[in-house]
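To keep things clear, I will list the structure first and then write my remarks on it.
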Amino acid sequence: MANRLFSFLTNMNLPFKWVAFFIAFFGFFWSAQLFIASNAYYSVKNNIEIWQLAPNKASILKVNSALNGIGNALHYFPDNALYYQVQGQLFEWKAITVDRSKLNASSSQDRTEVNTYLREAAISYEKSLQLRPNWSGSWIGLASVKLKQGLLNKEFYNYLENAKRAGPQDAIVHKFIVEFGLEMFSARSIHYVKIKDQLKHHLNLGLQNPLSREFVLNSIQKHDASETVCRWLRDASYPVRKRIPNCITYD
């Protein structure tokens, strides 16, 4: 009886080995896919961060390479909302680099190509939001596309509202509203009236948030708005006000 039981267990050992082999194989295969996708994502993310600090470092060749990288990541993980958001950013950079590379960027042909990439960016952001509706970065992305298209309409402001609802403390929200608001203020645009209260609020929050602070300070300096921002934030806390150039003096 004991011999028969041992023989039965020995014969059953082979199927268990095959099961273990397939589990190990698929585990390795999935890990390899994750490794490839993660490497592609972080490489693209690093490139975007560099371009944001130095836009002239972005080129059509580099953006195309990054688009291929994030495309590979999406091939392995087609339901990843973050990858679609990054893809949207890359299509925006493609529009920027194509626009910049043309000698006559105002021609209808050039604008058509630029608008094509902006539409592709919007499609990527929408796919991201289908997977994760409360992602502030993708709502900001849609607003950014509208801004680049020159369509500061009701839809643009709806995107901003959705972004603020999804991530009221997110650095990307502070940065976009501050840059847009100061740009409208400098241009004496009617859109400044629509954004001024939000601008003051996100200037305050943006200077508090270490992830947006440097960007906000650079934007203030770029628009030569230190004195104005100091006046707007006269009720802000001391740590916020002292970061604004020449806002607090000790005379």
Side-chain angles (χ1 to χ4, degrees), residues 45 48-49 51-53 55 81-82 85-86 88-89 92 118 121-122 125-126 128-129 132-250:
K45 180 175 178 289
I48 290 175
E49 289 175 352
W51 300 339
Q52 287 172 339
L53 294 173
L82 177 58
Q85 187 210 0
V86 170
Q89 292 182 61
E92 284 197 75
L118 290 176
Y125 290 133
E126 287 166 356
S128 174
L129 289 167
R132 188 171 174 178
N134 292 324
W135 200 309
S136 62
S138 294
W139 288 115
I140 287 294
L142 288 175
S144 178
V145 169
K146 286 289 183 182
L147 178 59
K148 289 181 174 65
Q149 291 172 328
L151 300 175
L152 299 180
N153 50 21
K154 182 179 179 180
E155 199 170 23
F156 168 81
Y157 285 101
N158 284 341
Y159 291 151
L160 280 190
E161 287 300 318
N162 288 336
K164 289 189 298 178
R165 250 192 314 270
Q169 301 294 332
D170 288 355
I172 193 170
V173 177
H174 306 327
K175 291 194 286 188
F176 184 85
I177 291 177
V178 165
E179 177 59 25
F180 172 67
L182 289 178
E183 184 69 35
M184 294 302 101
F185 172 75
S186 298
R188 301 297 187 265
S189 168
I190 190 173
H191 289 280
Y192 166 67
V193 178
K194 298 181 180 181
I195 200 73
K196 64 178 182 178
D197 291 336
Q198 299 177 47
L199 171 59
K200 296 170 186 178
H201 178 69
H202 287 279
L203 276 164
N204 192 349
L205 293 180
L207 289 169
Q208 293 179 46
N209 190 330
L211 298 179
S212 56
R213 185 179 298 139
E214 183 178 1
F215 180 94
V216 170
L217 288 171
N218 288 339
S219 188
I220 291 170
Q221 292 177 342
K222 181 175 74 173
H223 294 285
D224 193 23
S226 295
E227 184 178 343
T228 302
V229 171
C230 181
R231 186 171 64 254
W232 286 342
L233 299 185
R234 61 181 178 272
D235 295 326
S237 66
Y238 174 80
V240 167
R241 287 173 56 81
K242 76 174 183 179
R243 296 187 185 280
I244 305 168
N246 303 317
C247 187
I248 293 179
T249 61
Y250 301 93

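Position 1 is the first residue of the sequence, and the numbers go up from there. Heavy atoms only: backbone and side chains are in, while hydrogens, waters and symmetry mates are out. Worth saying up front: this structure is predicted, and the values here are computed from it rather than measured.
A side-chain N or O of Tyr159 and one of Glu155 form a donor-acceptor pair less than 3.5 Å apart. Inspection of the Ser226 and Asn246 side chains reveals no N or O donor paired with an N or O acceptor under 3.5 Å.
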| said: Evaluate Leu142 against Asn162 for side-chain contact (heavy atoms from CB on, under 4.5 Å), listing each step before the verdict. | reply: CA-CA 10 Å; Leu142 288 175; Asn162 288 336; over 6 Å; no
| field | Worked check of side-chain contact (heavy atoms from CB on, under 4.5 Å) between Ile195 and Leu160 | value | CA-CA 10 Å; Ile195 200 73; Leu160 280 190; 3.9 Å; yes
| Verdict with reasoning, Trp139 to Leu129, per side-chain contact (heavy atoms from CB on, under 4.5 Å) | CA-CA 8 Å; Trp139 288 115; Leu129 289 167; 3.4 Å; yes
| query | Should Phe180 and Gln198 be marked as a side-chain contact (heavy atoms from CB on, under 4.5 Å) after you check the CA-CA gap, both sets of side-chain angles, and the distance that decides it? | reply | CA-CA 11 Å; Phe180 172 67; Gln198 299 177 47; over 6 Å; no
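Distance alone, capped at 3.5 Å, is enough to place a donor-acceptor pair between the Ser128 side chain and the Ala81 backbone. Between the Arg213 side chain and the Gln208 main chain, a donor and an acceptor come within less than 3.5 Å of each other. The main-chain N or O of Ile140 is never found under 3.5 Å from a side-chain atom of Ser144 such that the two would form a donor-acceptor pair. A donor-acceptor pair is defined here as one N or O able to donate and one able to accept, closer than 3.5 Å; such a pair exists between the side chain of Tyr125 and the backbone of Gln89. Checked by atom type and distance alone, the side chain of Arg234 pairs as donor or acceptor with a backbone atom of Arg231 at under 3.5 Å. Side-chain atoms of Asn209 come within 3.5 Å of backbone atoms of Gln169 as a donor-acceptor pair (strictly under, hydrogens ignored).
The neighbour count for Glu227 CD, taken as heavy atoms of other residues, nucleotides or ligands under 6.0 Å away, does not exceed 12. Other residues, nucleotides and ligands place no more than 12 heavy atoms under 6.0 Å from the CD atom of Glu214. Under a cut-off of 6.0 angstrom, the local environment of CG in Asp224 is sparse, with at most 12 non-hydrogen atoms contributed by other residues, nucleotides or ligands.
Partners of Trp135 according to the side chain to side chain donor-acceptor pair (under 3.5 Å) rule, which considers only residues two or more places apart in sequence or in another chain, are Gln85.
Side chains of Ile48 and Lys45 form no contact here, defined as non-hydrogen atoms less than 4.5 Å apart. Residues Leu207 and Leu233 have side chains in contact (heavy-atom distance under 4.5 Å, counting atoms from C-beta outward). Using a 4.5 Å cut-off on side-chain heavy atoms (C-beta onward), Lys164 and Ile177 make contact.
Across all their heavy atoms, Gly206 and Ser212 have their closest contact at O-OG, 2.9 Å.
Here ring pair (Phe, Tyr, Trp, His ring centres under 6.0 Å) pairs that include residues 201-231, with residues two or more places apart or in two chains, are His174-His202. A disulfide (SG to SG under 2.5 Å) check over residues 134-238, counting only residues at least two apart or in different chains, returns the pairs Cys230-Cys247.
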